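Working notes, structure below.
Please read these numbers as outputs of a predicted model, since none were measured by experiment.
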Amino acid sequence: EVVNFPFIMQFIKTFKDANYIYFLVEYVKGMELFDVIRDIGLLSTYDSQFYIGSLILAIEYLHTQGIIYRDIKPENIMVDHTVKTKLVKFL
């Protein structure tokens, strides 16, 4: 099943060798939301609403696909160079 949503990091392909499995995923240029909050301090109401709204849309999409994401925390949300959020770390 393919997950294709603008607020979720894109999975591209897997590879494996005798010892490991490798995941090729989209490169997200930016910072973890945790680091963004640490750098700028408390978020404004507008920023909070924007980030939470993006996260709700991503979670809602996953639920429509029958997927439950159980590791929601600022370290698993990337803010890319255009200030859009991406849900990451599905492992």
Side-chain angles (χ1 to χ4, degrees):
E1 189 169 307
V2 175
V3 174
N4 187 13
F5 195 73
F7 300 134
I8 299 174
M9 179 180 63
Q10 296 299 302
F11 168 79
I12 299 168
K13 192 171 183 174
T14 61
F15 304 93
K16 71 176 191 167
D17 61 20
N19 298 313
Y20 300 101
I21 297 175
Y22 303 92
F23 293 88
L24 180 61
V25 296
E26 169 188 13
Y27 172 68
V28 179
K29 180 180 179 182
M31 298 172 59
E32 294 176 352
L33 182 57
F34 180 82
D35 294 326
V36 171
I37 292 169
R38 189 178 54 203
D39 286 352
I40 65 174
L42 291 176
L43 298 175
S44 69
T45 300
Y46 175 81
D47 290 338
S48 298
Q49 290 171 340
F50 177 78
Y51 292 134
I52 292 298
S54 300
L55 180 60
I56 288 170
L57 291 173
I59 297 300
E60 180 181 56
Y61 172 79
L62 290 173
H63 285 191
T64 65
Q65 302 300 308
I67 299 169
I68 297 173
Y69 186 86
R70 301 182 333 154
D71 198 20
I72 299 172
K73 57 186 175 185
E75 295 88 349
N76 292 345
I77 302 166
M78 293 290 292
V79 179
D80 72 11
H81 67 287
T82 64
V83 193
K84 292 181 186 169
T85 59
K86 294 264 187 180
L87 192 57
V88 299
K89 297 185 184 173
F90 283 85
L91 304 175

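Evaluation of the ring-ring contact (aromatic ring centres under 6.0 Å, His included) rule for Y69 yields F90 as partners, not counting sequence neighbours. Applying the side chain to side chain contact (heavy atoms under 4.5 Å, CB included) rule to I37 yields the partners L33, L43; only residues at least two apart in sequence or on another chain are considered. The salt bridge (charged side-chain N to carboxylate O under 4.0 Å, His left out) search around K73 returns D71, not counting sequence neighbours. The salt bridge (charged side-chain N to carboxylate O under 4.0 Å, His left out) check on E26 picks up K86, with sequence neighbours excluded. Y51 pairs by the ring-ring contact (aromatic ring centres under 6.0 Å, His included) definition with nothing, not counting sequence neighbours. Judged as a side chain to side chain contact (heavy atoms under 4.5 Å, CB included), and not counting sequence neighbours, the contacts of T14 are F11, F23.
Screening residues 75-84 for salt bridge (Lys or Arg N to Asp or Glu O under 4.0 Å), with sequence neighbours left out, gives no hits. Applying the salt bridge (Lys or Arg N to Asp or Glu O under 4.0 Å) test to every pair with at least one member in residues 36-58, sequence neighbours left out, gives these pairs: D35-R38. The stretch residues 3-20 participates, sequence neighbours left out, in no salt bridge (Lys or Arg N to Asp or Glu O under 4.0 Å) pair at all.
Grouped with Y27 in a hydrophobic cluster is no other residue, since no side-chain heavy-atom contact under 4.5 Å to another Ile, Leu, Val, Met, Phe, Trp or Tyr is found. Grouped by direct or indirect side-chain proximity (heavy atoms under 4.5 Å, Ile/Leu/Val/Met/Phe/Trp/Tyr only), F15 sits with I12, Y20, Y22, L24. Membership of the apolar cluster around I56 extends to I52, as traced through chained side-chain contacts below 4.5 Å between ILVMFWY residues.
Contact detail for I77 and V88: the closest heavy-atom pair is N-CG2, 4.3 Å. In plain terms, the two heavy atoms of F7 and S54 that are nearest each other are CD1-O, 3.7 Å.
Rounded to the nearest 0.5 Å, atoms CG (L57) and CG (L87) are 12.0 Å apart.
With hydrogens and angles disregarded, no donor-acceptor distance shorter than 3.5 Å links the side chain of Q65 to the backbone of E60.
The environment of I68 atom CD1 is sparse: at most 12 non-hydrogen atoms of other residues, nucleotides or ligands sit within 6.0 angstrom.
In the hydrophobic clustering of this structure, F34 does not group with I40; members are Ile, Leu, Val, Met, Phe, Trp, Tyr whose side-chain heavy atoms approach within less than 4.5 Å, directly or through other members.
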Practice prompt. Take Y61 and V3 through the test side-chain contact (heavy atoms from CB on, under 4.5 Å) and record every step on the way to the result.
Written response: CA-CA 9 Å; Y61 172 79; V3 174; 3.6 Å; yes
